[in-house]
2 protein chains.
Amino acid sequence: MREKTARIVQEWTDACDAEISIAVLGGAWKPSILSLLREHEVLRFGELSRLLDEPTARVLTRQLRELEDDGLVIRTVYRQVPPKVEYRLSELGRGSLPLVDALTSWGGSYAEHQRSLLPEASAPVAR
Amino acid sequence: MREKTARIVQEWTDACDAEISIAVLGGAWKPSILSLLREHEVLRFGELSRLLDEPTARVLTRQLRELEDDGLVIRTVYRQVPPKVEYRLSELGRGSLPLVDALTSWGGSYAEHQRSLLPEASAPVAR
DNA sequence: CGGGATCCGTTTCGATACTG
DNA sequence: CAGTATCGAAACGGATCCCG
């Protein structure tokens, strides 16, 4: 478990469990990474990078390490030249998918709702 | 809608809707605020502050304004002396509660799972 | 009572360059 | 190929002081 997650998990007694979820899933690209690993079962670093919108290696590496530290993804290193590293979901990671779906679903509805309130919407509006 | 949310809502085309949810719900105290407003229907600033663990007024104010800007809470100002300000959930805010519950539930399970892996756990361990 | 103004330390994201 | 090292910019949470 990475330090940030550990701090929140341990210091919390009351009803703020939601913030634990956000600490674990709330990084840039993390929901997308988890969804891609559901679709593809196992992905190499470069494959993940291409399927996402080419985040910098620095950023992608950090997100993957955090997910690994928090126990959601499993990282397998093949010691060979050129190097090969595979990522897949752990049991805990698979268990997070329903929540990721819920986040995606509500976020999509929210975005649609908000776009419908914009002045010059490009969507066909009945009027 | 606050600027951060607007940026994310507009610039996103693909499957990253989950990050919209996190942008809206991911601030400090926000899930707790929403839960408290479900329990109490309507709360004044000072009541909210006491029910939470006394965050600084600066911080609580910002979270409430962001929730208001994003359309989840409704702020009502009574122009009187001393001032009185009430907060309640909007329709959109009530619609977020199932997601808040899902975050709370998964976060609680995650925390419990992780605590069970700690070396010197204080919980009674069968062994 | 319910904030606003100001300042600060930390975290986070991201770009660029380099490497086993 | 899969990163690491270094740097900069911005966002965030929080403390302190002040106000109508």
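The shown structure was predicted, so the numbers you read here are calculated from the model rather than taken from an experiment. Below, read A as the first sequence line, B as the second, and so on, with proteins coming before strands; counting in each chain starts at 1.
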When you measure from the side chain of B:Pro83, which nucleotide among C:dG2, D:dG13, C:dT16 comes out closest? C:dG2
A:Glu47 bridged to A:Arg50 by N-O distance under 4.0 Å: no
Selection from D:dC12, C:dG3, C:dG14 that lies nearest to any side-chain heavy atom of B:Arg75: C:dG3
Look at the side-chain N and O atoms of A:Arg58 and state whether any lies under 4.0 Å from the OP1 or OP2 oxygen of C:dC13. no
A:Glu3 CD to C:dT12 P: how many Å, rounded? 10 Å
Please determine whether a side-chain nitrogen or oxygen atom of A:Lys4 lies at a distance below 4.0 Å from atom OP1 or OP2 of C:dT12. yes
Distance, rounded to the nearest Å, where A:Phe45 contributes CZ and D:dG3 contributes P: 5 Å
Spell out, yes or no, whether B:Ile74 and B:Val85 are grouped together once hydrophobic residues are joined by side-chain heavy atoms under 4.5 Å, including indirect joins. no
Tell me whether the OP1 or OP2 atom of C:dT12 has a side-chain N or O from A:Trp29 closer than 4.0 Å. no
Is B:Arg65 touching bases, backbone alone, or none of the nucleic acid, heavy atoms closer than 4.0 Å? sugar-phosphate
Could you tell me whether the side chain of A:Ser35 and the main chain of A:Pro31 form a donor-acceptor pair under 3.5 Å? yes
Got a salt bridge between A:Lys4 and A:Glu66, using NZ or NE/NH1/NH2 to carboxylate O under 4.0 Å? no
Report the distance from atom CZ of A:Arg7 to atom P of D:dG13, rounded to the nearest whole Å. 14 Å
Going by an N to O cut-off under 4.0 Å, is there a salt bridge joining B:Arg115 and B:Glu112? no
Is B:Val77 reachable from B:Val81 through a run of hydrophobic residues whose side-chain heavy atoms are each under 4.5 Å from the next? no
By nearest heavy atom, map B:Glu47 and A:Glu54 onto DNA chain C; which one lands nearer the 5' end? B:Glu47
Which part of the nucleic acid, if any, lies within contact of A:Ala28, taking any heavy atom under 4.0 Å across all strands shown: a base, the sugar-phosphate backbone alone, or nothing? sugar-phosphate
If you group Ile, Leu, Val, Met, Phe, Trp and Tyr by side-chain heavy-atom gaps below 4.5 Å, do B:Leu52 and A:Ile20 land in one group? yes
Taking atom C1' of D:dG14 as reference, at what distance in whole Å does atom CG of B:Asp53 sit? 14 Å
Closest to the A:Arg62 side chain: C:dC1, C:dC13, C:dG3? C:dC13
So if I take the C1' atoms of five pairs at each end of the helix from C:dC1-D:dG20 to C:dG20-D:dC1 and get each local axis, what angle do the two axes make, rounded to 10 degrees? 50°
Base, sugar-phosphate or nothing for B:Arg79? Non-hydrogen atoms, less than 4.0 Å. nothing
With respect to the phosphate group of D:dC1, does any side-chain polar atom (N or O) of A:Arg44 fall under 4.0 Å of OP1 or OP2? no
Nearest-Å distance for atom pair CG/C1', residues A:Leu51 and D:dA2: 16 Å
Is B:Gln63 touching bases, backbone alone, or none of the nucleic acid, heavy atoms closer than 4.0 Å? sugar-phosphate
Taking for each residue the nucleotide of DNA chain D with the nearest heavy atom, is it B:Glu66 or B:Thr56 whose nucleotide lies nearer the 5' end? B:Glu66
Specify the separation, in whole Å, of atom OH of B:Tyr87 and atom C1' of C:dC1. 11 Å
Reckon A:Val85 touches a base, only the sugar-phosphate, or nothing at all at heavy-atom distances under 4.0 Å? sugar-phosphate
Please give, in whole Å, the distance from C:dC1 P to B:Leu48 CG? 15 Å
More than 12 heavy atoms of other groups within 6.0 Å of B:Glu54 CD: yes
Whole-Å gap separating C1' (D:dG13) and NZ (B:Lys30): 12 Å
